[in-house]
Amino acid sequence: MAEKISFWQRLIKGLTKTRDNFIKSMDYIFNGFTNIDEDFYEELEEVLIMGDIGVRTTETILDDLRDAVKKEHIKEPSECKEFLINEIKEQMSLGEAAFEFENKTSVVLVIGVNGVGKTTTIGKLAGKLKANGKKVMVAGADTFRAAASDQLKEWANRASVDFVGGPEGSDPAAVVYDAVHAAKARGIDVLLVDTAGRLHNKKNLMNELSKINNTITKEFPEAYRETLIVLDGTTGQNALVQAKEFSDVTDISGIVLTKLDGTAKGGIAIAIQSELKLPVKYIGVGETIDDLEKFNADEFVDALFYAEG
Amino acid sequence: MAFDSLSEKLQGVFKNLKSKGRLTESDVKTALKEVKMALLEADVNFKVVKQFTNTVTEKALGSDVMNGLNPGQMVIKIVNEELVNLMGSEVTDITYGTGGEITTIMMVGLQGAGKTTTTAKLAGKVKKRGKKPLLVACDIYRPAAIEQLQINGKKQEVEVFSLGDKEKPVKIAKEAMDYAKKNGFDVVIFDTAGRLHIDEDMMDELASIKKNINILNTILVVDAMTGQDAVNVSSTFDEKIGIDGVIVTKLDGDTRGGAALSIKAVTGKPILYAGMGEKLSDLEQFHPDRMASRILGMGDVLSLIEKAEAEIDKDAAIQLSKKVKKASFDFNDYLTSMEQMKKLGGLSSILGMMPGINSSQMAQIEGAVDDKKLAHIEAIILSMTPAERENPKLLNPSRKHRIAAGAGLDIAEVNRFVKQFEQSKKMMKQMPNMMGKGRRGMRFPF
């Protein structure tokens, strides 16, 4: 547990500046107001929107809060805080099967737009799985970005796991084909597939992704499938569109939320959970291998709402 | 309708206003509530939105509107003016050194904003101006960052200076300057590692480069998709190391790019360029006033013309734009412009800059011209007689059968293409109206 505590401390440290503002406004709202009135709701709306939770989800949350206030005869603004925390926690909680891929022979496809931290995430995941005694292989199917393959290879070396790649400009589906067969031959437990960053509105690139997806389905039907979309924690409402468009091409099973060590609040995760029902499975708060952790709803929401972690 | 673009949204709002004729106080309020929602969904910072809607409300409720003959026009005008006010109206460029002084540019930003790619793109721009740029690899932390810069530098035919990843960035920067002086480089662009604005040590590193080298331009590279936090990031970078300008990347996505608006509003620093795609040529001069009018759905026709002029010869551009305006576009034009369009980044990229085209229409058109199908389309057109190419109306079923056989394709594919062609043409027919009534004269479509 020691590592876990330090991780959450790091998250809290990372979020401090943000959190200070956030908590300050939260405190101001929950303790400053004596009545639950329209001004109270308006202030609350501002704080939630500033956290990137988004207009729509904020409205949903506030509507639920209004209902609860009416039904449960909540009189004190401070009681609203408990209600909000519990509601968001409940929404964000992961089911028991969330990390099933770790126990099976699996292929983890990692997708996302440019610059969100896909390659770094794969490097970290590989390191973690390897440390847990798994046989891991990474496939560099990003054949587009200059030196992406070198970057992944470097991560593979650091984690001492197998690496399969192809030359710049080659067909990514072919790389995946090679990787799948190599993984089968070598008895690999988890094959992690890195893909090129693509803007979700580029049709050709999205077609290419679906080709990669089909290659895995066809060549490795017995493998347990996990498709993780990596989202930059600093991204605003466009992350919703990204998740939606990507889910049209592949079955996304979870979200990796990166770069939460800055001042962004990652509230977009709450919006995505609420609107698309996609769970956050990992969050990243830094650049070392230890800085990627399984998502824990209680700790995440607490880190956002409480002054002391 | 969950993911309408800001321009679609605002167009929707104002269409309702229009149908009501005379504008009342509550109309202004309803409209501005929608504007507020749309801006927030576009990730414009909450405080900026608040300030913006207050200003517009104040102005809209003033006597001008009440006395005006067409109140709807006034609201759009005010919203547009305020957007332009926020974005600034002047085009700003890199500051070049005078009297033989080397122009120094330092690229800074968060991880994954697109610094390395943008650095190489910028070098290409600078080179086109007849300068001799040197790229300096100061990102010693991210694996393979140096290789990425070297590969992109090579593509742009620009030299990259690197001391590997074992030396301190300050030392690399200093030696790069000596190297530049000795070898006659007049622009030096430093690619630095991505860093968090709250990482004191890493921010000190940038400050120390600035202390040792006279940096003329510190450029913050920002992802256009950044959320509410864009304001914190840009103001912290500005406070700690001082920035002179901003480059917004990934604007070719479908993000509404509210971050650009927020950054400008909060830091007051100009946005110089916008990254519009993955090709190294896809870096465009940023026109703040046009960005504002694009947000309002008036399109960015001027940008299109400029882009066309730079990439294809002038005559062809004029011809094409005339054809588009008159909608006298036939299969010959389609064929000859296919090559040019490829240079321009595809038809969808052109249409994206036109007013009044929404994403679903875009998707339709894009479906017609995606790369693989281009070859088929070429085959179809080449299988037509000259008369058919000039007059698409000639195409009857028997002619289509002949064409399909000639192109080695299924008749269904020929039908699909012809249908899509006609749809595109219909859209082009609508465009001249919008273009005519748009920008300059500020005459509105009602």
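Heavy-atom basis, side chains included; hydrogens, waters and symmetry copies ignored. A note on names: the letters A, B, ... follow the listed sequences, proteins ahead of strands, and every chain is numbered from 1.
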(request) Give, as side chain, backbone, both or neither, the part of A/Glu154 having an atom under 4.5 angstrom from any heavy atom of chain B. (result) side chain
(message) Under 3.5 Å, is there a donor on one side chain and an acceptor on the other for B/Gln156 and B/Asn152?
(response) no
(request) Rounded to the nearest 0.5 Å, what's the gap from CE on B/Met225 to OG1 on A/Thr234? Could you check? (result) 9.0 Å
(message) Quick check: closest heavy atoms across A/Asp150 and B/Ala144, and the distance to 0.1 Å?
(response) CB-CB, 3.7 Å
(request) Determine the minimum heavy-atom distance between B/Val231 and B/Ser262, stating which atoms define it. (result) CG2-CB, 3.7 Å
(request) Would you mind telling me which of B/Gln150, B/Gln148, B/Lys155 has the largest number of heavy-atom pairs within less than 4.5 Å of chain A? (result) B/Gln148
(request) Would you mind checking which part of A/Val116 comes under 4.5 Å of any heavy atom in chain B, side chain (CB onward), backbone (N, CA, C, O), both or neither? (result) neither
